[in-house]
Amino acid sequence: MAEAGRAVGSPGAARRPVPPRAPAGRGRAVQVSVIVPVHNSECWLDECLKSVWEQDFKETMELSIFNDASKDGSAEIIEKWKIKLEDAGVPVIIGSNDSSQPRGVGFAKNQAVIQSSGAYLCFLDSDDVMMPQRVRLQHEAAIQHPNSVFTSHGPTVIMPTWFCSREWFFHVGKFDEGGKGVPEDLLFFYKHIQKGGEVFRVNHCLLLYRYHPQAATHSVLEGTIWNHRVRFLEDRVLSSWTSFTVWNAGKQGKKLYRSLSPANRKKVAAFCDVDEKKITKGFYTYEESEERPKPKIPICHFRDATPPFIICVKLDLTGGAFETNLNTLNLKEGMDYYHFN
């Protein structure tokens, strides 16, 4: 739920006054550890670490940074900011993988967490920039909701704004360390939900999220994300249903149907839609099936469909028409329908 934005410019000459902060010294527990994994981040690291330095959080805070086999100037930038941050009362813990090959984002995050000591963990990607109030606002919320992952405002749950207690992080378990191509944040989030965790949104802009061609997110294939999401849906929802309707007789609804296990495909009673052409056709034939005869799934109008529903319609894309249609059915989310959009 971070606010996406273009890369901001280089730090200007104007120096923002940093508020006095309680020093993290001997015998004084660290409240928040800012967790930063780094790999070849010299283009953005100055702005990222400057945003740590500019936090208005007045309690004890440390920076735990892990340099995962960077070959650019990231190490020098880290050392420069270590001096500035420690002068401002923020201890800096630096770990590194000095081999020729990076171990991946999951490994780097785990190492940064392990070497840290804060009661709370504030995750920050090395190419993003925190707003000055981020740590303060999320820390205030975390005290009230101990088993939650905290995010910022926006349409999605996005890793760079996660904030949680150390105790809860280790209860959920560390990030997957499979390396490049593994959606370690999504897998952690699913474990978090499976263990009864909640998501709490701090409804403020807390982060400038930088989207660029070198971002680690591009190493994860869309198909990998899709498959993990389908398996989670089957485990968490469909395992307790004997039948259901897929709301969307178009491309996304059919893709979901084809992605289901054979047992869960048999639970699909119908597709529903508002498109008269699809409804008039009457059914969808699963041509790829090896069954004979091939499965034919009815297509009906949503008013004629039987809940529960798996909804494969993106929100906010129909001018409110879909949301209005859904509301007319007086259904309860989590019981009568789930979104898979």
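When a residue number appears, it is its place in the shown sequence, counting from 1.
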Original post:
Does any pair with a residue in residues 231-246 pass side chain to side chain donor-acceptor pair (under 3.5 Å), and if so which ones, sequence neighbours excluded?
Top reply: Arg231-Glu234, Glu234-Ser261, Glu234-Asn264

Original post:
Which pairs, with at least one residue in residues 267-276 and sequence neighbours excluded, count as a salt bridge (Lys or Arg N to Asp or Glu O under 4.0 Å)?
Top reply: Asp275-Lys278

Original post:
So which pairs with a foot in residues 293-310 pass side chain to side chain donor-acceptor pair (under 3.5 Å), sequence neighbours left out?
Top reply: Glu287-Lys294

Subject >> Residues which pass side chain to side chain donor-acceptor pair (under 3.5 Å) with Ser99, listed by chain and number, not counting sequence neighbours >> reply: Asn97

Going by atom type alone, with no hydrogens or angles, which donor-acceptor pairs under 3.5 Å involve a side-chain atom of residues 326-335 and a protein atom two or more places apart or on another chain?
residue, atom, partner, partner atom, Å
Asn327, ND2, Glu323, O, 3.2
Thr328, OG1, Asn325, O, 2.5

Subject >> With Phe188 via ring pair (Phe, Tyr, Trp, His ring centres under 6.0 Å) - residues at least two apart >> reply: Trp162, Phe169, Phe175

**OP:** For Asn248, check side chain to side chain donor-acceptor pair (under 3.5 Å) against everything at least two apart and list the hits.
**Re:** none

Subject >> Residues in ring pair (Phe, Tyr, Trp, His ring centres under 6.0 Å) contact with Tyr286, at least two apart in sequence or another chain >> reply: Tyr257

**OP:** Not counting sequence neighbours, which residues clear side chain to side chain contact (heavy atoms under 4.5 Å, CB included) with Glu42? List them please.
**Re:** Asp72, Ser74, Ile77

**OP:** Any chance you could lay out the side chain to side chain donor-acceptor pair (under 3.5 Å) test for His139 and Glu59, step after step, and finish with the verdict?
**Re:** CA-CA 10 Å; His139 179 259; Glu59 300 300 320; over 6 Å; no

Subject >> side chain to side chain donor-acceptor pair (under 3.5 Å) against Gln115, all qualifying residues, sequence neighbours excluded >> reply: Ser64

Subject >> Hydrophobic cluster membership, Tyr337 vs Phe232, 4.5 Å side-chain cutoff >> reply: no

Original post:
Of all residues at least two apart in sequence or in a different chain, which pass the side chain to side chain contact (heavy atoms under 4.5 Å, CB included) check with Ser259?
Top reply: Trp226, Val230, Lys255

**OP:** Only counting residues at least two apart or in another chain, list the ones meeting side chain to side chain donor-acceptor pair (under 3.5 Å) with His39.
**Re:** none

